[in-house]
Amino acid sequence: MGLDLKGLITKEKTTLESFASKVIAIDAYNTIYQFLSIIRGPDGMLLSDSQGRVTSHLSGLFYRNINFLSLGIKPVYVFDGKSPTLKAAEVERRRQIKKEATIRYEKALAEGNMEDVRKYAQQTTSMQDGMVEDAKKLLGLFGIPYIQAPSEGEATAAHLTKTGLAYASASQDYDSILFGAKKLVRNFTNSGRRKLPSRNTYIEIEPEIIDTSKVLSDLGVTPEQLVDIGILIGTDFNPDGFERIGPKTALKMIKEHGRLEDVPQIQDKLVSIPYDEIRKIFLNPQVAEVSEIKFGEPDYIGIVKYLSDERSFSRDRAESSLNRLQKSTIKRSHTLEQWFT
DNA sequence: CCCGCACA
DNA sequence: TGTGCGGGG
């Protein structure tokens with residue numbers, strides 16, 4: 001579920017174009033997961049190669065990175081390491097949801113209800129062995145750097161924004177704010193209308209940027225207090241939160257009493273929650289120490305070979321998309337030249 | 001997610 | 001030129 005900070009945070013609409021020449025630390029797991037849930041055939045099945053290996057994540061990464069690079073955006077992907085032990089309950093909760101979705105999926109399939117088939121197929125989405133390696137291989141061929149985080153990827157992504165190596169962290173989850181990312185970008189993709197799964201309605205998806213220091217000053221709280229607010233609402237490390245406490249109440253309590261230990265209404269429940277450990281996860285996380293981030297040139301031939309020879313992509317399609325990228329980078333270098341001549 | 005096509 | 005839809009892998 002993630003952290004429900006919506007309602008407390010002030011966000012601004014933005015565009016992908018405004019991130020030209022900026023380094024953006026992208027939550028790789030979050031991105032791949034989204035591709036796996038969205039990129040599916042009409043029957044709800046994942047795309048796969050001739051050997052039956054899933055390719056939806058590769059398709060998503062291929063097109064999205066072409067987009068980023070065409071616009072001059074400098075993506076760096078951050079991969080999750082080992083989850084903190086405290087996340088076990090949340091991981092188990094998600095596993096259970098997938099298990100139930102699998103049952104519903106099979107039922108819908110038997111009934112021939114294709115709308116439900118798609119919906120439940122999406123909910124069964126899970127990361128399989130090899131997908132991370134696939135993603136790293138493709139990123140490597142693109143010359144796009146990636147970082148292996150020791151623990152939560154969002155913590156390392158946030159750290160990169162603090163050290164100035166990245167301008168912002170891109171993820172759908174609000175956790176990045178608690179990890180102290182200077183800026184968080186949500187919907188870091190081209191804006192446009194998206195069809196909602198299982199509904200015949202469309203929504204407009206637009207990139208939005210959240211400035212953490214603005215969030216803190218607007219709310220009038222410290223980073224430590226924002227973490228306490230998160231714990232009251234419920235984080236991945238205490239997913240149930242506190243009964244009948246949502247974002248509004250949580251803010252009010254912390255503003256009034258300062259910290260969890262001093263909120264009288266919650267003391268009974270608080271003793272059963274390892275709040276101090278959760279605070280440490282957000283405020284003093286394990287992160288990858290990175291001194292520089294190196295970007296390379298795309299290996300166009302290598303990308304086509306990998307995707308078409310090994311992963312059953314259409315050679316023509318891959319080549320024409322890469323041609324677009326090549327043209328746009330040439331165009332950009334010309335416009336840059338004009339600045340210097 | 002993306003493309004390509006049919007069709008207004 | 002824009003939009004909806006089917007298929008991609």
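Protein chains get the first letters and strands the later ones, always in sequence-line order, with residue 1 at the start of each.
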* Asked: For A/Asp43 and C/dC5, what is the distance between atoms CG and C1' respectively, to the nearest whole Å?
  -> 15 Å
* Please report, rounded to the nearest Å, how far the P atom of B/dC3 is from the CD1 atom of A/Ile39. => 12 Å
* Under-4.0 Å side-chain N/O to phosphate OP1/OP2 contact, A/Arg317 with C/dG7 -> no
* To do: Verify the distance criterion only: is there a donor paired with an acceptor across the side chains of A/Glu90 and A/Asn238 at less than 3.5 Å?
  => no
* Structure fact -> Atom CG of A/Leu325 and atom C1' of B/dC2 are separated, to the nearest Å, by 15 Å
* What salt bridge (Lys or Arg N to Asp or Glu O under 4.0 Å) pairs are there with at least one residue in residues 273-287 of chain A, not counting sequence neighbours? -> A/Asp228-A/Arg279, A/Glu261-A/Arg279, A/Asp276-A/Arg279, A/Asp276-A/Lys280
* **Contacts of type side chain to side chain donor-acceptor pair (under 3.5 Å), residue A/Asn323, not counting sequence neighbours** => none
* Atom CZ of A/Arg64 and atom P of B/dC3: how far apart are they, to the nearest Å? -> 13 Å
* Asked: Tell me: CG of A/Leu46 to C1' of C/dG7, nearest whole Å?
  -> 15 Å
* Please report, rounded to the nearest Å, how far the C1' atom of B/dC2 is from the CZ atom of A/Phe35. => 10 Å
* Asked: In residues 305-316 of chain A, which ones come under 4.0 Å of DNA chain C, going by heavy atoms?
  -> A/Arg311, A/Ser312, A/Phe313, A/Ser314
* **ring-ring contact (aromatic ring centres under 6.0 Å, His included) partners for A/Phe237, two or more places apart** => A/Phe282
* Without hydrogens or angle criteria, can the side chains of A/Tyr77 and A/Asn65 be said to hold a donor-acceptor pair below 3.5 Å? -> yes
* Asked: For A/Val23, what are the other residues in its hydrophobic cluster, where any two members join if their side-chain heavy atoms are less than 4.5 angstrom apart?
  -> A/Val76, A/Val78, A/Ile147, A/Leu160, A/Leu165, A/Val290, A/Ile293, A/Phe295
* **Qualifying side chain to side chain donor-acceptor pair (under 3.5 Å) pairs, either residue in residues 29-43 of chain A, two or more places apart** => A/Asn30-A/Asp173, A/Tyr33-A/Lys98, A/Arg40-A/Thr125
* Restricting to pairs with a member in residues 142-169 of chain A, which pass salt bridge (Lys or Arg N to Asp or Glu O under 4.0 Å), not counting sequence neighbours? -> A/Lys87-A/Glu152
* **Set of salt bridge (Lys or Arg N to Asp or Glu O under 4.0 Å) partners for A/Arg95, sequence neighbours left out** => A/Glu92
* Report the distance from atom CZ of A/Arg40 to atom P of B/dC2, rounded to the nearest whole Å. => 17 Å
* Please work out which residues in residues 126-140 of chain A have a non-hydrogen atom less than 4.0 Å from an atom of DNA chain C and list them by number. => none
Residues 130-142 of chain A, side-chain donor-acceptor partners within the protein, below 3.5 Å, at least two apart:
{"unit_1": "A/Glu133", "atom_1": "OE1", "unit_2": "A/Gly130", "atom_2": "N", "d": "3.4"}
{"unit_1": "A/Asp134", "atom_1": "OD1", "unit_2": "A/Arg311", "atom_2": "NH1", "d": "3.1"}
{"unit_1": "A/Asp134", "atom_1": "OD2", "unit_2": "A/His57", "atom_2": "NE2", "d": "3.0"}
{"unit_1": "A/Asp134", "atom_1": "OD2", "unit_2": "A/Arg311", "atom_2": "NH1", "d": "3.3"}
{"unit_1": "A/Lys136", "atom_1": "NZ", "unit_2": "A/Gln148", "atom_2": "OE1", "d": "2.8"}

* Got a sec? Which of residues 50-63 of chain A come in under 4.0 Å of DNA chain C, heavy atoms? -> A/Thr55, A/Ser59
* **Any residue meeting ring-ring contact (aromatic ring centres under 6.0 Å, His included) with A/Phe79, in chain and number order, not counting sequence neighbours** => A/Tyr146
* Please state how far atom CG in A/Asp49 lies from atom P in C/dG7, giving the value in whole angstrom units. => 20 Å
